[in-house]
2 protein chains.
Amino acid sequence: MQAAPKPEIAASAHDRVYRGLRTRIMHGQMAPGQALTLRGIGREFDVSMTPAREAVNRLVAEGALTMSSSGRVSTPELSNERIEELAALRALIEVELASRALPRAHIALIDRLQTINATIADVVSNRDSVGYIRTNLEFHRTLYLRAQAPAMLAMAETVWLQLGPTMRALYGRLRRSEPPQYHRLIIAALKAGDEPGLRLAVRSDVTQGLRMLAG
Amino acid sequence: MQAAPKPEIAASAHDRVYRGLRTRIMHGQMAPGQALTLRGIGREFDVSMTPAREAVNRLVAEGALTMSSSGRVSTPELSNERIEELAALRALIEVELASRALPRAHIALIDRLQTINATIADVVSNRDSVGYIRTNLEFHRTLYLRAQAPAMLAMAETVWLQLGPTMRALYGRLRRSEPPQYHRLIIAALKAGDEPGLRLAVRSDVTQGLRMLAG
DNA sequence: GCATCGAAAATGTGATCACAAAAGAGCCAT
DNA sequence: ATGGCTCTTTTGTGATCACATTTTCGATGC
């Protein structure tokens, strides 16, 4: 639930494992229901079971992994009700973040967002669903960083983390070829300083993808 | 970030430690900045360092504890900006939870809320700040449970957890003697089925206490 | 062919240990 | 008295191990 800590030099073993697994889950590189073992993680990251366990427990606490009653961990298979809830949380938090970022959104930020949006068009045409998820999140994070609200951003990222495997399943299934149309609306609202329009655009962008999965 | 799991029979050691520390922090039994050691926790709960570390790491991941660069853990001392952010998050999430609970709020629920509210008046007159925090949270949780939104409730509880030590400092400082007036407004709005009134009452109740600390 | 039972492999949990880094206590010089 | 230095104690980290449980897989019987 904390923003990913940014150690200047130090990188303890469990932090390295945590970060590796976290980005893998958030970017949709793991399918829902995929199992993990502590010894397997340890082998892969060349550490013992102890740091692997710490990383896994942290991800379980954040809802990025689920732990069965026997202690086995796997990526979550979310119910439709939970997907709807998480989408509603994304809408609530990210609309607020966008709204707080609006007064500080200068032209340099908007340029950067447009660059990222162009990248999204690329990865979409390449049918690269992992790249799509990663770049899409980068678009949102770039905007929200301007809100200067680290606790809120951390909350939003936790929701993204929980939705990672589900988004993989979603964007892997529907083979979309068009870039997200709401991103253009977000950029336009930022340029115009139109707060109601921005709120609506962000809400629509966040809700649209998940709606068709849960529906 | 997960709702506290409810094991039917099993209670692993690290879960027992986690739960113990969690309620202690959330209910304001620890002051901001208070330090903890793994060996001390292990002694207190009669376990080795391993489960103590797991519990602590989980609480750090949830933002309930902060970890210094050298690995020392303590309860967080929040800046005013962060308090404002967390209060805004409470407002966002809890207003939504209350709104979702409204259509399902029958008379039995309202009765229970009034009972809890009477208890709050008791503990307030006894100058029992820990009891006040605990009962106040119970009031909110009882209402939000009706929303049938476990992910949102878990988010709200995580925010409570992060604010626990700060709320202790706040309610310990201002020696209030009157019960929270907004709880009555919440109950009245529930009875009347007045959604805008409910949203306003919840927002006011959540924001009022923290505003005077951050301001 | 299929279900069932049992042995073997795999897995999570928690304790213990060695090690390095950090904090603290004590001491001396000024 | 106070500031700085060293030595001792405390503390977190990660590895390893034993144990209980679960899972898996193959053999056996019908």
Side-chain angles (χ1 to χ4, degrees), chain A residues 2 4-22 24-25 30-77, chain B residues 2 4-22 24-25 30-77:
Chain A
Q2 203 71 315
K6 239 204 260 181
E8 290 75 15
I9 301 111
S12 55
H14 88 260
D15 224 53
R16 187 163 47 86
V17 177
Y18 167 76
R19 234 180 286 274
L21 292 177
R22 181 185 141 103
R24 193 179 302 180
I25 295 168
M30 306 192 69
Q34 191 165 339
L36 289 172
T37 66
L38 297 184
R39 286 173 175 87
I41 295 168
R43 257 193 307 275
E44 184 180 356
F45 288 88
D46 203 52
V47 295
S48 82
M49 292 171 59
T50 311
R53 223 162 57 162
E54 291 195 20
V56 162
N57 278 325
R58 194 161 160 187
L59 290 164
V60 168
E62 289 171 336
L65 294 173
T66 57
M67 178 170 286
S68 79
S69 61
S70 69
R72 253 76 167 189
V73 293
S74 56
T75 50
E77 300 183 90
Chain B
Q2 205 70 315
K6 237 204 257 180
E8 290 76 14
I9 300 111
S12 54
H14 86 262
D15 224 54
R16 186 163 48 87
V17 178
Y18 167 75
R19 235 180 285 274
L21 292 177
R22 182 185 140 103
R24 193 179 301 180
I25 295 168
M30 306 192 69
Q34 189 165 338
L36 290 172
T37 66
L38 297 185
R39 286 173 175 86
I41 294 168
R43 257 193 307 274
E44 183 180 354
F45 288 88
D46 203 53
V47 295
S48 81
M49 292 171 59
T50 311
R53 225 162 56 160
E54 291 196 20
V56 162
N57 277 326
R58 192 161 161 187
L59 290 164
V60 169
E62 289 171 337
L65 294 173
T66 57
M67 179 170 286
S68 78
S69 60
S70 69
R72 254 73 167 192
V73 292
S74 56
T75 51
E77 301 183 270

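Just so we're on the same page: letters track the sequence lines, and every chain starts at 1. The model shown is predicted, which means the values in this text are computed figures rather than measured ones.
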Does the pair B:Thr66 and B:Val60 meet the rule for a side-chain contact (heavy atoms from CB on, under 4.5 Å), with working shown?
CA-CA 6 Å; B:Thr66 57; B:Val60 169; over 6 Å; no
I'd like to know whether A:Arg39 forms a side-chain contact (heavy atoms from CB on, under 4.5 Å) with A:Met49, so could you lay out the CA-CA distance, the side-chain angles of the two residues, the decisive distance to 0.1 Å, and finally the verdict.
CA-CA 6 Å; A:Arg39 286 173 175 87; A:Met49 292 171 59; 3.8 Å; yes
B:Asn57 and B:Met67: CA distance, side-chain angles, deciding distance, side-chain contact (heavy atoms from CB on, under 4.5 Å) verdict
CA-CA 9 Å; B:Asn57 277 326; B:Met67 179 170 286; 3.8 Å; yes
A:Arg16 vs A:Glu44, salt bridge (charged side-chain N to carboxylate O under 4.0 Å, His left out): CA-CA, chis, key distance, verdict:
CA-CA 12 Å; A:Arg16 187 163 47 86; A:Glu44 184 180 356; over 6 Å; no
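Near DNA chain C, meaning a heavy atom under 4.0 Å away, the residues from residues 46-57 of chain A are A:Met49, A:Arg53. Residues of residues 30-43 of chain A that place a heavy atom closer than 4.0 Å to DNA chain D do not occur.
Atom CZ in B:Phe45 sits about 14 Å away from atom P in C:dA15, given to the nearest Å.
Summarising the geometry, atom CG belonging to A:Leu65 is positioned 13.0 Å from atom CZ belonging to A:Arg58; distances are rounded to the nearest 0.5 Å.
Across all non-hydrogen atoms, the minimal contact from A:Glu62 to B:Ala61 is OE2-O, 4.3 Å.
A salt bridge is absent between B:Arg22 and B:Asp15: the closest approach of a Lys/Arg side-chain nitrogen to an acidic carboxylate oxygen does not fall below 4.0 angstrom.
Within the 3.5 Å criterion, the main-chain N or O of A:Met30 finds no donor-acceptor partner in the side chain of A:Thr75.
Each of B:Ser70 and A:Ser68 has a nearest nucleotide on DNA chain D; the 5'-most of these lies closest to B:Ser70. Residue order along DNA chain D, read from the 5' end via each residue's closest nucleotide, puts A:His14 first among A:His14 and A:Arg72.
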